[in-house]
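Comments concern the structure below.
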Amino acid sequence: MEDKSMTLTEHLEALRRVLLVSIIALVIATIAVYFGFRGQLLVLILRPIKELGINPVFITPWEAFFTTIKICFVAAVFLALPVILWEVWSFILPALHSHERRLVYMLMPASIVLFAAGIVFGFLVVFPAAIHFLLISASEGFTPLISISRYFSFLTMFVLPFGAVFQLPLVIMLLTHLGLITPRFLAKNRKYAVLIIFILAAILTPTPDMISQTLMALPVIALYEVSIWISYLVRRKREEKAREEGI
């Protein structure tokens, strides 16, 4: 670890630089998305309801424009993420020990990949099924009139939790590494874990239908099973290291 002491003023100055560079990166990325591939982005986001023959509307004169800006900003967050992560990493790096750095190097890429996988799964698999159920199966005899801002808000609230719950393997791996849980504990309490997963799915999905909740719960249950094996591998490696250090 770099042994470099910094005053409070220097810490605040470094933090100010991180925030400033991150904001500039977000602004540039938002402008790039808006003028670069705004049309393609809107086609992708609106595809689930367009496939059902439903066109979103806007209620106020500014609703469509500001919603488009919000959509571009959300996309810009992902586009500017490498710059933001680099700035944050540069800020916290001096405070970390070598083993903590290795842990971050290992967890950060995996966390990003799992989060992206959760978002993609939620948008491509679960959201179309949920929106079809809500607008077609459960709304027979009614004419949907959906504003673009409400649709995007619903989409965001629906998809983002998938990115969060897909972090389960990393959480299990970290807890096992810290010695707080064991693979035997995870396997023994599998039935309780399944119950908790379904309860969380009911809370996280913004819809009351069982289809959406089940479609969220099933991949998380699969991730839980994978996490048991990950926990076993981490536990075994931890025990081998402890034996080597004992020798």
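We count residues from 1, following the sequence as given. All of these numbers come straight from a predicted model, not from anything done at the bench. Keep in mind that the numbers below use all heavy atoms, side chains included, and drop hydrogens, waters and symmetry copies.
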Open item on the list: Would you compute the distance between atom OG1 of Thr30 and atom CZ of Arg38 and round it to the nearest 0.5 angstrom?
Closed with: 13.0 Å

TODO: Would you kindly confirm whether Ile131 and Phe133 end up in one hydrophobic cluster when ILVMFWY residues are joined by side chain heavy atoms under 4.5 Å apart?
DONE: yes

Open item on the list: Minimum heavy-atom separation for Ile54 and Pro144, please, with both atom names.
Closed with: CD1-CG, 3.6 Å

- [ ] State plainly whether one hydrophobic cluster holds both Ile196 and Val165, where clusters connect Ile, Leu, Val, Met, Phe, Trp and Tyr through side-chain heavy atoms under 4.5 angstrom apart.
- [x] no

Open item on the list: On a heavy-atom basis, which atom in Leu223 and which in Leu168 lie closest, and how many Å separate them?
Closed with: C-CD2, 4.3 Å

Open item on the list: Distance check, rounded to the nearest 0.5 Å: Ile181 atom CD1 versus Met173 atom CE?
Closed with: 11.0 Å

- [ ] Take His132 and Glu51 through the side chain to side chain contact (heavy atoms under 4.5 Å, CB included) test and state the conclusion after the steps.
- [x] CA-CA 9 Å; His132 182 277; Glu51 290 178 346; over 6 Å; no

Open item on the list: Just verifying a value: how many Å separate Leu204 CG and Gln213 CD, rounded to the nearest 0.5 Å?
Closed with: 10.0 Å

Open item on the list: Please check this pair: side chain of Tyr224 against backbone of Leu186, looking for a donor-acceptor N/O pair closer than 3.5 Å.
Closed with: yes

Open item on the list: Is it the case that over 12 heavy atoms from other parts of the model lie below 6.0 angstrom from the CZ atom of Phe121?
Closed with: yes

Open item on the list: For the backbone of Phe152 and the side chain of Thr156, can you confirm whether one donor and one acceptor N or O come within less than 3.5 Å of each other?
Closed with: yes

Task: Nearest non-hydrogen partners of Ile148 and Ala64, listed with the distance - done: CG2-CA, 4.1 Å

TODO: Kindly compute the distance separating CZ (Phe198) from CG (Leu218), expressed to the nearest 0.5 Å.
DONE: 5.5 Å

- [ ] Treating Ile, Leu, Val, Met, Phe, Trp and Tyr as nodes and any side-chain heavy-atom pair under 4.5 angstrom as an edge, say whether Leu233 and Phe185 lie in one connected cluster.
- [x] no

Open item on the list: Would you say that Leu160 contacts Phe115 through its side chain, given a criterion of any heavy-atom pair below 4.5 Å between the two side chains?
Closed with: yes

Open item on the list: Under a 3.5 Å threshold, yes or no: a donor from one side chain and an acceptor from the other, between Ser149 and Glu63?
Closed with: yes

Open item on the list: Does any part of the side chain of Trp229, heavy atoms only, come nearer than 4.5 Å to the side chain of Ile172, both counted from C-beta?
Closed with: no

- [ ] Indicate yes or no: at least one non-hydrogen side-chain atom of Phe162 is less than 4.5 angstrom from one of Phe127.
- [x] no

TODO: Might you work through the side chain to side chain contact (heavy atoms under 4.5 Å, CB included) test for Ile59 and Arg150, ending with a clear yes or no?
DONE: CA-CA 10 Å; Ile59 309 300; Arg150 294 290 184 89; over 6 Å; no

- [ ] Give the cluster check for Ile28 versus Val83: same hydrophobic cluster or not, with ILVMFWY residues linked at side-chain heavy-atom distances below 4.5 Å.
- [x] no

TODO: Check step by step if side chain to side chain contact (heavy atoms under 4.5 Å, CB included) holds for Val74 and Lys70.
DONE: CA-CA 6 Å; Val74 171; Lys70 287 194 291 185; 5.5 Å; no

Task: Pairwise side-chain contact, Leu155 with Ile45, heavy-atom cut-off 4.5 Å (strictly under) - done: yes

- [ ] Would you indicate whether the side-chain heavy atoms of Leu46 and Pro56 approach each other to under 4.5 Å?
- [x] yes

TODO: Heavy atoms only: give me the nearest Pro219-Phe166 pair and the separation to one decimal.
DONE: CB-CZ, 4.2 Å

Open item on the list: With side chain to side chain contact (heavy atoms under 4.5 Å, CB included) as the criterion, how do Thr68 and Tyr34 come out once you've worked through the C-alpha distance, each side chain's angles and the decisive distance to 0.1 Å?
Closed with: CA-CA 8 Å; Thr68 302; Tyr34 185 83; 4.0 Å; yes

- [ ] To the nearest 0.5 angstrom, please state how far the CG atom of Leu195 sits from the CD1 atom of Ile199.
- [x] 4.0 Å

Task: Pairwise distance CD1(Ile49) to CG(Leu135) - rounded to 0.5 angstrom - done: 7.5 Å

TODO: With sequence neighbours excluded, give me every side chain to side chain donor-acceptor pair (under 3.5 Å) pair touching residues 109-131.
DONE: Ser111-Gln167

TODO: Check Val159 against Gly122 and note the closest heavy-atom contact, atom names and distance.
DONE: CG2-C, 4.3 Å

Open item on the list: With heavy-atom distances below 4.5 Å as the criterion, would you say the side chains of His177 and Lys237 are in contact?
Closed with: no

Task: same_hphob_cluster(Leu52, Val125) at 4.5 Å side-chain heavy-atom cutoff - done: yes

TODO: Report yes or no: is the cationic atom of Arg235 (NZ for Lys, CZ for Arg) under 6.0 Å from the centre of the six-membered ring of Tyr232, at an angle within 45° of the ring normal?
DONE: no

Open item on the list: Using side-chain heavy atoms (C-beta onward) and a distance below 4.5 Å, is Phe73 in contact with Val33?
Closed with: no

TODO: Return the minimal non-hydrogen interatomic distance between Pro161 and Met157, and the atom names on each side.
DONE: CD-O, 3.1 Å

Task: side-chain contact (heavy atoms from CB on, under 4.5 Å) partner of Ile24, the single match among Leu26, Val21, Leu20 - done: Leu20

Open item on the list: A side-chain contact here means heavy atoms from C-beta on lying under 4.5 Å apart; do Cys72 and Phe35 qualify?
Closed with: no

